[in-house]
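In what follows, chains are A, B, ... by sequence order, proteins preceding strands, each numbered from 1. Every value quoted in this text rests on a predicted model; they were computed, and no experiment measured them.
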Protein chains: 2
Amino acid sequence: MAGVTLRDVALTVGVSAKTVSNVVNGTGWVSDEVRDRVKEAIRELGYRPNFAARQLRHGRTGLLALAVPDLREPYFAELAASFVGTAQKRGRTVLINQTGADRDIERALIEGEGLPSIDALVLSPLALTAEDLGARRSRTPLVLLGEQAAVLLDESIVHLGMPNVTASRAAVEHLIAQGRRRIAAIGIQNSGPNASSSLRALGYREALAGAGIAVDPALLREVVHFSRAEGTRSVEEMLGARVEVDALFCFNDSLAFGALHALAVNGIRVPEDVAVVGFDDIDEGRYTVPTLTTVGPGPEVIADHVFDLIDRLEEQPIGRHVLPHELVIRESA
Amino acid sequence: MAGVTLRDVALTVGVSAKTVSNVVNGTGWVSDEVRDRVKEAIRELGYRPNFAARQLRHGRTGLLALAVPDLREPYFAELAASFVGTAQKRGRTVLINQTGADRDIERALIEGEGLPSIDALVLSPLALTAEDLGARRSRTPLVLLGEQAAVLLDESIVHLGMPNVTASRAAVEHLIAQGRRRIAAIGIQNSGPNASSSLRALGYREALAGAGIAVDPALLREVVHFSRAEGTRSVEEMLGARVEVDALFCFNDSLAFGALHALAVNGIRVPEDVAVVGFDDIDEGRYTVPTLTTVGPGPEVIADHVFDLIDRLEEQPIGRHVLPHELVIRESA
DNA sequence: CAGGGCGATGTCAACGCTGACGGACTCGGG
DNA sequence: CCCGAGTCCGTCAGCGTTGACATCGCCCTG
């Protein structure tokens with residue numbers, strides 16, 4: 001489609017294709033005069049190097065695939081935004097897929113089915129099993145995000161875990177340090193022991209235990225999704241049941257946004273009456289009223305770290321990595 | 001990286017590379033027996049076709065680039081989600097870029113700089129000028145979304161416009177039909193006459209004029225961004241100024257969500273006291289309380305239509321296309 | 001039994017680019 | 001005047017794949 005090739009440029013200038021290639025890539029020796037004429041011709045003809053040919057010649061593509069369950073969820077939208085932004089800064093391109101939490105799709109992705117040749121796949125798995133990973137044939141480097149796949153079987157897999165337990169504990173300890181004692185945990189799910197929900201609940205329990213506070217089942221609120229609507233519903237239910245509360249630890253920021261909404265509608269002041277802490281540090285927390293206190297690492301940090309890993313892929317980084325957590329204190333707690 | 005090539009498979013089976021190619025692509029004639037042996041070997045060796053080589057051979061990549069200002073904005077996140085979903089259904093792959101509303105980045109993108117070879121670029125431009133488009137060298141098909149680039153100079157450009165005026169008019173007429181007379185327009189901006197904001201304001205005025213209702217400047221609310229926070233702020237300001245209102249037409253759904261929040265906090269019932277209509281038909285409107293009445297076309301429809309255009313790119317579709325609008329009636333109005 | 005048609009597979013070249021290598025030419029020192 | 005080192009540029013081949021075309025054996029028809 002592009003039409004103009006190295007050869008075309010070479011012909012109009014009257015040199016060999018290789019010389020033009022040298023000019024384009026800054027390799028070899030080219031006299032200033034020839035270089036200028038070549039550059040001129042390139043501009044003139046509108047020559048653009050052909051990616052496919054380049055790639056075919058020497059393995060790399062500069063392409064990186066990111067696969068998340070659903071871009072509609074704010075957390076994944078932000079994650080994707082951070083990836084794309086970081087990639088653009090680093091001269092790479094991100095190609096995005098949605099798994100819809102479908103195991104077959106996740107399985108197809110780790111095999112690279114339907115994908116162009118990429119340098120690495122970054123996957124936030126939800127349904128993938130250890131067997132699937134074990135059965136993997138593709139040798140494309142794979143970076144797994146999150147807890148769902150804590151099992152590593154293939155030597156080409158890198159796992160980047162979130163500091164779920166420690167971050168959650170830090171968040172709840174922050175609430176306790178402010179004198180809060182009736183702290184609700186919003187986001188309980190009936191999932192496996194390695195699921196994010198379970199790990200965050202564990203951090204919550206550890207913090208309470210550390211302060212000698214008993215866990216009140218009435219303060220453990222189950223949700224179906226980590227969504228705004230569920231956050232609202234949870235709080236409405238607690239209020240309806242007249243549960244005494246002075247703080248909320250929400251298992252992600254969307255839940256927290258929903259909770260803030262419910263509190264505002266019911267005339268409950270934040271943080272005076274009830275303090276609120278979220279989890280994930282997504283951007284929108286800067287713009288809510290009040291602004292949201294939350295724990296990270298945020299998407300930017302994750303993206304940055306993943307790119308670091310990918311850049312050093314030939315060397316070491318196989319195995320499990322866990323990012324440090326950080327507490328982002330804003331107005332809500 | 002993949003290592004295994006057609007030739008490898010061919011050698012182990014004892015046929016020619018071309019035959020393997022025929023099996024893979026379902027082209028030509030291959031006996032069932034050979035086909036089975038080849039398939040077996042493919043599975044055995046873990047052969048994966050090389051995208052770069054395929055592409056080099058015959059122009060297509062199956063890659064499609066989508067460039068939006070910022071994935072963090074819910075509307076663009078949904079648009080991207082719809083694109084990715086539709087692409088997956090249609091056997092294509094989407095690669096995403098963010099422009100950050102930066103003219104240099106938009107300019108670089110329409111030239112394909114830094115991008116791999118793609119079949120088409122879909123761009124939602126904010127800063128691009130007519131000159132930029134005129135100066136474009138790349139011949140990659142380009143689909144422009146939205147109003148910012150109503151000027152077409154290059155014959156390889158397809159413009160997909162939103163039905164801003166007609167959809168807005170329909171939204172406001174819907175409010176008027178319910179007997180609403182004090183209808184605020186939330187989302188006024190001081191931008192050019194072709195900007196979305198101006199066109200939506202025009203639809204609003206047309207609807208009022210059609211019903212013989214005068215425009216009250218107190219009901220025209222300016223915003224900086226089309227964001228949730230600004231929607232909240234606008235409504236708080238109106239309430240603070242004791243402006244009489246019985247309906248809100250918000251220029252996008254995010255503004256509407258913010259408005260719903262402000263109304264709820266202030267104990268104003270929706271739709272009994274104030275009706276609310278948004279614009280864009282993003283998914284979240286299904287989950288708010290109350291659910292949001294809005295006008296489309298929604299992201300899904302847009303994505304679908306863009307893919308149709310791209311599939312028929314060789315033929316006709318150069319020029320301006322405008323999607324039909326649709327009114328999505330839910331609880332809020 | 002010649003000739004045509006069809007099924008099944010192979011040969012060849014080219015897509016655009018770039019490493020490895022090989023001239024040719026200049027210049028300065030021995 | 002010869003030779004090595006340094007410049008500048010070209011030739012060649014091949015990355016993996018697939019269209020165009022050739023080949024070969026077979027059955028069918030007249």
Side-chain angles (χ1 to χ4, degrees), chain A residues 1-39 41-42 45-63 112 114-119 138-140, chain B residues 1-39 41-42 45-63 112 114-119 138-140:
Chain A
M1 301 296 116
V4 187
T5 75
L6 270 188
R7 187 192 227 80
D8 296 330
V9 177
L11 285 178
T12 66
V13 179
V15 295
S16 77
K18 178 69 223 223
T19 298
V20 179
S21 168
N22 282 335
V23 171
V24 172
N25 298 287
T27 52
W29 293 106
V30 184
S31 66
D32 290 350
E33 194 241 331
V34 171
R35 187 195 318 280
D36 288 344
R37 294 211 336 261
V38 169
K39 281 189 173 170
I42 287 177
L45 300 175
Y47 166 74
R48 315 236 47 240
N50 180 312
F51 240 77
R54 252 218 246 276
Q55 171 193 345
L56 181 54
R57 199 60 179 67
H58 55 277
R60 294 231 146 182
T61 60
L63 281 181
L115 291 179
S117 324
I118 53 180
D119 291 348
S138 166
R139 315 211 79 250
T140 303
Chain B
M1 300 296 119
V4 187
T5 74
L6 271 188
R7 187 193 227 80
D8 296 330
V9 178
L11 285 178
T12 64
V13 179
V15 295
S16 78
K18 179 67 221 225
T19 299
V20 179
S21 168
N22 282 335
V23 172
V24 173
N25 297 287
T27 54
W29 296 107
V30 184
S31 66
D32 289 350
E33 193 243 331
V34 172
R35 187 195 318 281
D36 288 344
R37 295 216 331 264
V38 169
K39 281 190 173 171
I42 287 178
L45 300 175
Y47 165 76
R48 315 237 37 241
N50 181 315
F51 251 76
R54 243 206 248 261
Q55 170 191 349
L56 181 55
R57 196 60 179 69
H58 57 277
R60 295 232 146 180
T61 60
L63 280 182
L115 291 180
S117 323
I118 52 180
D119 291 348
S138 167
R139 316 209 81 250
T140 304

side-chain hydrogen bond (donor to acceptor under 3.5 Å, both in side chains) with [X]: which residues, sequence neighbours excluded?
X	value
B:Ser31	none
A:Thr61	A:Asp119
A:Ser21	A:Asn25

Holding to side-chain contact (heavy atoms from CB on, under 4.5 Å), I want the full list of residues that pass it with [X], two or more places apart in sequence or in another chain.
X	answer
A:Arg57	none
B:Arg37	B:Val13, B:Glu33
B:Asn50	A:Leu56, A:Ser117, B:Ala52, B:Ala53
B:Asp36	none

Just the rounded figure in Å: distance from P of D:dG19 to CD of B:Gln55.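 In whole Å, D:dG19 P and B:Gln55 CD are 15 Å from each other.
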
Rounded to the Å, how far apart are A:Arg35 CZ and D:dC8 C1'?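 About 11 Å, once rounded to whole Å.
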
Given protein heavy atoms under 4.0 Å, the one-letter contact record of nucleotides 13-25 of chain C, with B base, S sugar-phosphate only and - none, is simply BBBBBBBB-----

Between the two ends of the helix from C:dC1-D:dG30 to C:dG30-D:dC1, what is the bend in degrees, rounded to 10 degrees, where each end axis spans five pairs?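 What I find for the helix from C:dC1-D:dG30 to C:dG30-D:dC1 is an axis angle of 60°.
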
Of all heavy-atom pairs between A:Ala41 and A:Val9, which one has the smallest distance, and what is that distance? CB-CG1, 4.0 Å

